[in-house]
Structures are given as structure tokens and as C-alpha cells.
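Worksheet: the structure to be examined is printed underneath.
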Amino acid sequence: MENNTETPAVRTNFIHELIDRDNASGRFQGRVHTRFPPEPNGYLHIGHATSIILNSGIAKHYGGKFNLRFDDTNPSKEEQEYVDSIIEDVRWLGGEFEDRLFFASDYFQRMYDWAVELIKKGKAYVCDLTPDQVREHRGAPGEPGKDSPYRNRSAEENLDLFERMRKGEFPDGSRTLRAKIDMAHPNLNMRDPVMYRILHAEHHRQGKKWCVYPMYDWAHGLEDSIEGITHSICTLEFEDHRPLYDWYLDQLGVYHPQQIEFARRTLGNTITSKRKLLELVKDGHVEGWDDPRMPTVSGLRRRGYTASSLRAFCDEVGISRVPGVSDIWVLENALRGELNRTAPRAMAVLRPLKVVLTNYPEDKSEEMEAVNNPEDASAGTRKVPFCREIYIERDDFMEVPAKKFFRMTPGQEVRLRAAYIVKCEKVVKDAAGAVTEVHCSYDPATRGGDAPDGRKIKGTIHWVSARHALPARVRLYDALFTVRDPEAVPEGHDYKENLNPSSLETLDGAMLEPSLKDAAPGSRFQFERLGYFFADPKDSRPGAPVFNRTVTLKDSWAKLEKKQ
Ligand code: ATP
Ligand code: MG
């Protein structure tokens with residue numbers, strides 16, 4: 001795969017300090033072993049990328065190991081498509097799990113046996129309360145709950161009932177297995193939490209083998225323990241679950257990893273709820289999970305982001321225990337820095353306006369020499385054909401110039417990048433008064449773009465030879481949502497009302513310099529003055545390119561924020 005070589009130096013964070021402490025005390029014999037535990041119920045998004053980069057980065061930093069483990073304990077929403085996409089995304093992000101790809105469902109038997117052990121120890125019981133009753137009995141913060149009437153069943157009765165639960169004798173929701181902890185515990189998670197529920201559902205890997213499924217809190221610590229994870233890093237909402245994570249492992253007396261929490265990081269003007277992302281896909285607001293506007297890893301990849309830029313972004317933003325929203329420009333800047341160094345330059349005209357150089361011979365053409373990357377001399381130069389008729393960007397012409405408009409306007413000289421200095425002499429219009437063509441003279445003494453007499457030319461614009469131009473489709477993107485926090489909507493309103501109606505603009509008449517004819521799908525260029533573009537890996541073909549604009553050259557967010 002691409003772009004996985006450039007790993008930014010890992011900035012240390014509070015998690016490193018905790019690990020250093022454990023290493024100093026010899027708690028895990030100096031081992032460091034992390035994991036990323038996604039539920040295969042959607043595609044990964046930028047928030048998940050943070051977690052993958054953090055966990056795999058820590059493993060790399062300490063010479064440890066990193067596991068990819070599917071937390072597939074919930075049968076109803078999980079699909080193979082998600083499993084496949086997650087594996088691809090984790091690899092692409094540089095999460096090196098080698099042969100350590102695991103599925104929590106493979107541990108179901110061991111978890112079941114451990115549950116039996118807790119029952120035997122008098123630490124778990126089968127409860128016949130309905131889910132609603134369980135909730136009612138739980139109490140509230142500062143207010144103790146009530147013991148279940150089934151709490152004091154004998155171990156024999158519990159073992160019998162639990163086995164029959166497993167055999168499928170009881171309907172969904174009729175019974176649960178609960179841990180016997182303390183219904184007056186100040187932490188509600190410790191009030192006899194449910195360990196197993198009955199669910200007659202088909203599992204994507206286990207088929208119909210199971211009809212009791214473990215709850216997250218019960219399962220997760222056991223998964224970590226089985227895999228020998230040392231530091232189980234998760235997001236802040238699990239902080240209140242840590243006592244339960246510890247309790248289960250302590251009761252069983254098995255190997256005990258350390259859970260560490262950090263704050264979720266979200267991105268402005270996007271959403272990172274899997275349920276809502278799925279809704280955008282299902283309802284056709286975007287073209288799929290990998291639509292280049294999506295904050296999914298596959299969407300960012302198809303937009304043209306590199307894995308190394310996402311790592312640089314994570315490093316820039318850092319890890320903390322305080323939740324935060326990062327602006328998209330921080331992400332974009334992480335990419336600009338990299339592409340400025342690596343992306344070859346090319347000329348493309350997105351909205352063409354024809355320019356005729358009236359004093360340039362009709363049948364002549366020349367090869368102009370253009371620099372491939374001013375940041376990288378080793379990238380060399382290329383030949384760009386030039387002739388009497390060229391295209392320039394419509395925006396680069398104004399018949400009545402605005403103040404400080406130094407581009408093409410009647411009577412003013414302007415430089416065509418790497419070609420000549422030209423001057424607009426005449427404007428051709430159609431019956432409706434729209435400009436259809438501009439006639440210029442060119443100065444043959446300025447080949448390459450510089451005037452031998454040293455006269456100052458303020459503006460430089462890009463161009464494409466009309467005779468040699470390669471027509472292409474170019475897609476321009478804006479933020480998917482018009483507001484920074486799309487989910488903050490008043491009652492009775494929906495986050496989808498914040499969708500940006502002009503997040504995608506497709507230009508079918510773009511003209512590219514002919515060297516782009518063979519641009520490989522998945523390659524990146526800087527189109528001079530327009531931004532960084534990515535040859536779409538699905539839609540682009542040699543000879544018929546389709547380019548996605550990954551990011552503009554400069555930050556345009558200040559402008560957008562003003563609009564809001
Ligand atoms: P849900 O569980 O509601 O489907 P989720 O986003 O928590 O959604 P998981 O598949 O459980 O999805 O997440 C896998 C891992 O990614 C978890 O360890 C989770 O803590 C982490 N994660 C999810 N979202 C973020 C985020 N925005 N920032 C950092 N880590 C995240
Ligand atoms: Mg989750």
C-alpha cells in the first residue's frame with residue numbers, strides 16, 4: 001500500500017507516562033500490547049482513525065504489539081462487508097496487526113465457562129425480571145436500587161437455568177444472567193449488571209450456535225485478558241465502567257490488563273455517529289460510505305488524503321482527557337504540508353475561457369518547459385505544449401477589473417505560467433452579451449514568462465493549450481455540513497437540515513494539460529493555483545480522468561466561518 005512509510009515522531013502524552021510507570025515497576029514485565037476493538041457495524045471514521053493511530057503508534061513506540069479485534073458480540077447489526085472494510089482501513093492507516101486478527105465471538109465458549117465459574121462462586125445469578133423491571137430496580141444516582149427477587153437463587157438452580165438459556169429453552173428477553181455485586185453501589189454500573197441476554201439471532205461467524213450473547217462490559221475485559229493486552233485504551237465514556245472491568249477480572253483471578261481512558265475527538269462540520277453516517281448512505285445524501293465528502297477513513301482515502309497526513313493530524317491534535325472538536329483546517333493543513341513536498345504540479349483549467357493569440361502563427365506549436373515541483377528539484381521538468389488557442393480560467397478574466405485585479409483584463413499584461421507575457425486586446429461576446437472568447441497579443445521576446453527588459457508583470461495565470469487539452473471531469477467539494485456542530489439542533493429538528501446543499505460540484509468541461517492523460521488512478525497532483533487533486537481510484541481511467549479536489553491550496557475556512 002501507499003504512504004505508510006512516513007511516520008511522524010510520536011508526541012508523548014499522558015498515556016505514555018502511565019505506560020512508562022508500568023514499565024518502570026515491571027508490572028507487565030516491560031511488555032506493551034494494545035488493541036483496536038471495533039464493532040463491525042459500520043465503516044470506520046476519523047474518530048476511529050485516532051484510536052487506531054494511537055494504539056498502533058504506542059505499540060510501535062515501545063516495540064510492543066498491536067491487535068485488531070472485532071468486538072462482534074452483538075449479532076444483529078454486524079456484517080461481513082464492515083469486517084472487510086475495517087481490515088482494509090486499519091492496514092491502510094499503518095495499524096500493523098500482523099497475524100493478530102481476532103474475533104471476540106471466537107471466545108464465546110471461554111466466556112461462557114467463566115460465567116459458569118462465577119455462578120459456582122455465588123457471584124452471578126439468573127434473573128427473570130424483564131428489561132423494564134431491571135431498569136426500575138436499578139435506582140438512580142444517590143438513590144439505592146432494589147434487589148431482584150431472583151438474587152438469592154441457589155448456585156444449582158442458576159447453573160440449570162443458565163444452561164437452559166443457552167440451549168434455547170427461553171424466549172428473547174425473558175431471562176438474563178447478572179453479576180451479584182451491590183444494588184446500593186454508588187456506581188450504577190456495579191448494581192448487578194447484566195452479563196448475558198437471550199437473543200435468538202444468527203451471528204455472522206457463529207451462525208445459530210449461540211442464543212445467549214455476552215454484554216460489552218463482561219466480554220471486553222475477558223477479550224483483553226485472553227489476548228494478553230497490557231493497556232486497554234478506550235474512550236472516556238468507559239471510565240465509569242472501569243470498576244466493573246476490574247471486578248470481573250478480579251473475581252475470576254485471571255490476567256488483568258489496565259484500562260486507560262482518553263477523550264473522543266471529533267471534527268468540526270462533520271458527524272461521527274455510525275448510525276447517522278449509515279443514514280446518510282441509506283438515504284442517498286452521499287454516494288456511499290466512501291463518498292469523498294464522508295468523514296470515514298474510506299471517504300478520506302478516496303478524497304485523496306494520505307495515511308501519513310492522518311497520522312500527522314493525530315500527532316498535531318494530541319491525546320487528552322478533555323473532549324474536543326478539531327477544525328477541518330487542521331486536518332487539511334496536515335495534508336497540504338505533505339502534498340506541497342510530494343505532489344507533482346500540472347496545469348488544469350476548470351471553467352475554460354478560450355483565448356486566441358492573434359499574432360501567434362496558426363499552425364505553430366511549441367513545447368514549454370514547466371517545473372514539476374519547485375519544492376523538489378529532483379522532480380525535474382516536463383514539456384507542456386503551447387499554441388495559438390489556449391484556455392484560461394474564466395475567473396482569471398474580468399472585462400471591467402475589480403480593484404487590484406492583476407490577471408487578464410483589457411489593456412493589461414499578464415504572464416502565462418512558463419510561457420509568454422500576453423495582453424488582452426479584444427473581447428468577443430455572444431448575442432446575450434456573455435464573453436465567449438478573448439483575443440490577445442503575445443510578446444515573442446518573453447518565452448518562458450520573463451520580460452528581457454525587466455518590466456514588472458504583476459499577475460501569473462495558468463493555461464492549457466486548446467488543441468492539446470484533455471477534457472476531464474473534476475469534482476470539487478465543500479464541507480458536508482454548513483455548521484460546526486451539525487448535531488446540535490433544536491427540538492423537532494434534524495441534523496440533516498444542516499447538510500450543505502452545495503457540498504459537491506461536478507465540472508464536466510474541465511481541460512487538463514495532456515501529460516495527465518496517463519495519470520494513474522490514485523495519483524495526486526497539484527493543479528497550479530487550484531489545489532491538490534486525486535485521480536479517483538474508482539471512476540478515473542487513463543485517457544478519461546476523473547479528479548477529486550482533495551484540498552484547496554490555501555485555507556478557505558476563514559471565509560466560510562464568516563458566512564455563518
Ligand atoms: P458504537 O459503539 O456506538 O457503534 P463507536 O464509535 O464506539 O460506536 P466502536 O466500533 O465501538 O464504535 O469503536 C471502536 C473503538 O474506537 C472504540 O475503542 C472506541 O472507543 C473508539 N472510538 C470511537 N469513536 C472515537 C472517537 N471519536 N475518538 C476516539 N476514539 C473513538
Ligand atoms: Mg463502541
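Positions are given from 1 along the sequence. In each ligand, atom 1 is the first atom listed, and ligand 1 is the first ligand listed.
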Any N or O of [X] closer than 3.5 Å to N or O of ligand 1:
| X | answer |
| --- | --- |
| T50 | no |
| H48 | yes |
| T266 | no |

**OP:** Could you check which of E39, H220, R265 puts a non-hydrogen atom nearest to atom 11 (O) of ligand 1?
**Re:** E39
**OP:** Have a look at G42, G47, C234 and point out the one with the heavy atom closest to atom 28 (N) of ligand 1.
**Re:**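 Selected option, by shortest heavy-atom distance: G47.
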Only heavy atoms of [X], strictly under 4.0 Å: list the atoms of ligand 1 that pass.
| X | answer |
| --- | --- |
| T235 | 19 (C), 20 (O), 29 (C), 30 (N), 31 (C) |
| P38 | 10 (O), 14 (C) |
| S51 | 30 (N) |
| P37 | 14 (C), 18 (O) |

Could you pull out all donor-acceptor pairs under 3.5 Å where a side-chain atom in residues 243-250 meets a protein atom, sequence neighbours excluded?
{"unit_1": "Y245", "atom_1": "OH", "unit_2": "D224", "atom_2": "OD2", "d": "2.7"}
{"unit_1": "D246", "atom_1": "OD1", "unit_2": "H256", "atom_2": "NE2", "d": "2.8"}
{"unit_1": "D250", "atom_1": "OD1", "unit_2": "H256", "atom_2": "ND1", "d": "3.0"}

State whether [Y] and [X] meet the cation-pi test: NZ (Lys) or CZ (Arg) under 6.0 Å from the six-membered ring centroid, and within 45° of the perpendicular axis.
| X | Y | result |
| --- | --- | --- |
| R293 | Y477 | no |
| R178 | Y125 | no |
| K274 | Y43 | no |
| R549 | Y532 | no |

At the 4.0 Å heavy-atom cut-off, does [X] count as touching ligand 1?
| X | result |
| --- | --- |
| T272 | no |
| H45 | yes |
| F262 | yes |

Subject >> Salt-bridge contact E227-R35 (side-chain N to carboxylate O under 4.0 Å) >> reply: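 No, this pair does not count.
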Would you mind telling me if ligand 1 is within reach of the side chain of [X], the backbone, both or neither, using heavy atoms under 4.0 Å?
| X | result |
| --- | --- |
| N41 | side chain |
| F238 | neither |
| K274 | side chain |

**OP:** Look at atom NZ of K65 and say whether more than 12 heavy atoms of other residues, nucleotides or ligands are closer to it than 6.0 Å.
**Re:** no
**OP:** Count the heavy atoms belonging to other residues, nucleotides or ligands that lie under 6.0 Å from NZ of K121, then report whether that count exceeds 12.
**Re:** yes
Original post:
Is the distance between the ring centroids of F162 and Y112 under 6.0 Å?
Top reply: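 Ring-ring flag for F162/Y112: true, centres closer than 6.0 Å.
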Subject >> CG on N23 to CZ on F28, rounded to 0.5 Å >> reply: 9.5 Å
